[in-house]
Amino acid sequence: MPEAHRTSDPITAADVTRAVRLAVSVLRAAEAADWDAKAGSLEWSCWETVEHLADDLFSYAAQLGPERPPSDREVPFVWRRAKPGGPANVIFADRDAGPAGLVQVLEASGALLAAMVRTTAPTVRSHHVFGVSDPEGFAAMGVVETLVHLHDVAAGLGVEWAPDAGLCDRVLARLFPSAPSDTDRWPTLLWATGRGEIPGHARLTRWRWYGAPGDGGDAR
């Protein structure tokens with residue numbers, strides 16, 4: 001397993017807020033698009049993918065919430081699928097509220113994660129399927145989920161999405177320590193998450209990130 005290392009500034013609650021607000025701005029401008037269109041290379045619709053993203057952000061916030069965060073499992077909410085093949089979520093948006101309501105659900109979930117990252121001690125550790133992580137790790141995961149799923153959704157909605165290279169560089173350093181460092185940052189993040197090729201590196205068919213902190217912590 002690659003070791004976590006620090007080559008750039010840490011990922012913060014402000015980064016989560018920034019990524020989500022940029023996503024919200026793009027999505028609000030596309031409210032008239034077909035939200036049932038397929039989201040890029042995913043099997044889910046654009047609507048389902050944004051619900052999944054909101055659910056990810058909520059779930060990461062929830063992992064940091066208990067006084068004694070779980071070290072071996074997710075907080076036991078009930079996940080369900082709205083239809084066969086759809087994402088298994090806790091969070092769903094009311095279809096009657098339309099795309100504007102869905103985007104508000106995303107914004108609220110992002111705010112919950114930002115608040116938990118901001119107020120949780122950096123020594124706290126909690127479970128993730130890819131390994132126990134800390135508040136900064138969950139912040140970085142939330143940023144990556146936002147950046148790459150907006151790439152998926154933007155393709156389906158027919159809008160532009162090109163996040164800041166500096167933010168991409170910092171989440172690559174935090175979660176993908178073995179990723180190439182001499183390639184453009186946004187294409188490299190897409191490559192690291194199985195969404196494209198970069199020079200000298202074929203598209204990945206399997207991928208994961210490494211959220212483990214680089215130092216000690218506690219279970220609070």
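Every heavy atom of this structure was used, including side-chain atoms; hydrogens, water molecules and symmetry mates were not. Note that the numbering runs from 1 along the sequence shown for the chain. This one's a predicted model, so the numbers in the text were calculated from it and none came from an experiment.
- In this structure Ala19 satisfies the side-chain contact (heavy atoms from CB on, under 4.5 Å) test together with Val143, Thr146, Leu147, Leu167, sequence neighbours excluded.
- Relative orientation of the Trp207 and Phe130 rings is perpendicular, given thresholds of 30° and 60° on the angle between their planes.
- Exactly one residue among Asp169, Asp134, Asp9 makes a salt bridge (charged side-chain N to carboxylate O under 4.0 Å, His left out) with Arg174. That residue is Asp134.
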Please determine whether salt bridge (Lys or Arg N to Asp or Glu O under 4.0 Å) holds for the pair Asp164 and Arg170, giving the CA-CA distance in whole Å, both sets of side-chain angles, and the decisive distance to 0.1 Å. CA-CA 10 Å; Asp164 176 70; Arg170 289 191 293 121; over 6 Å; no

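- Shown here are the side-chain contact (heavy atoms from CB on, under 4.5 Å) partners of Ala139, two or more places apart in sequence or in another chain: Ile11, Val16, Val117.
- Judged by distance alone, the side chain of Asp55 and the main-chain N or O of Ile91 form a donor-acceptor pair under 3.5 Å.
- Applying the side chain to side chain donor-acceptor pair (under 3.5 Å) criterion to Asp56, with sequence neighbours excluded, gives His52.
- Evaluation of the salt bridge (Lys or Arg N to Asp or Glu O under 4.0 Å) rule for Glu145 yields no partner, not counting sequence neighbours.
- Considering only residues two or more places apart in sequence or on other chains, Trp47 meets the ring pair (Phe, Tyr, Trp, His ring centres under 6.0 Å) condition with none of them.
- Listed by chain and number, the residues in a salt bridge (Lys or Arg N to Asp or Glu O under 4.0 Å) with Glu43 are Lys38 (sequence neighbours excluded).
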Please set out all donor-acceptor pairs under 3.5 angstrom arising from side-chain atoms of residues 95-104, sequence neighbours excluded.
residue: Arg95; atom: NH1; partner: Asp36; partner atom: OD1; Å: 3.4
residue: Arg95; atom: NH2; partner: Asp36; partner atom: OD1; Å: 3.3

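- The side chain to side chain donor-acceptor pair (under 3.5 Å) test applied to Arg28 returns Glu107, not counting sequence neighbours.
- For Arg21, the side-chain contact (heavy atoms from CB on, under 4.5 Å) criterion is met by Thr17, not counting sequence neighbours.
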Please list, one pair per line, the donor and acceptor atoms closer than 3.5 Å that link side chains of residues 186-193 to other protein atoms, with sequence neighbours excluded.
residue: Thr188; atom: OG1; partner: Thr183; partner atom: OG1; Å: 2.4
residue: Thr188; atom: OG1; partner: Asp184; partner atom: O; Å: 2.5
residue: Trp191; atom: NE1; partner: Ala202; partner atom: O; Å: 2.9
residue: Thr193; atom: OG1; partner: Leu189; partner atom: O; Å: 2.9
residue: Thr193; atom: OG1; partner: Leu190; partner atom: O; Å: 3.2
residue: Thr193; atom: OG1; partner: Arg195; partner atom: NH1; Å: 3.4

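- Between Ala114 and Ala13 the shortest heavy-atom distance is O-CB, 3.2 Å.
- Listed for the Glu51 side chain is a donor-acceptor partner under 3.5 Å among the backbone atoms of Ala93.
- Applying the ring-ring contact (aromatic ring centres under 6.0 Å, His included) definition to pairs two or more places apart or across chains, those involving residues 55-100 are Phe58-Phe77, Tyr60-His128, Tyr60-Phe138.
- For Arg206, the side-chain contact (heavy atoms from CB on, under 4.5 Å) test picks out no residue, with sequence neighbours left out.
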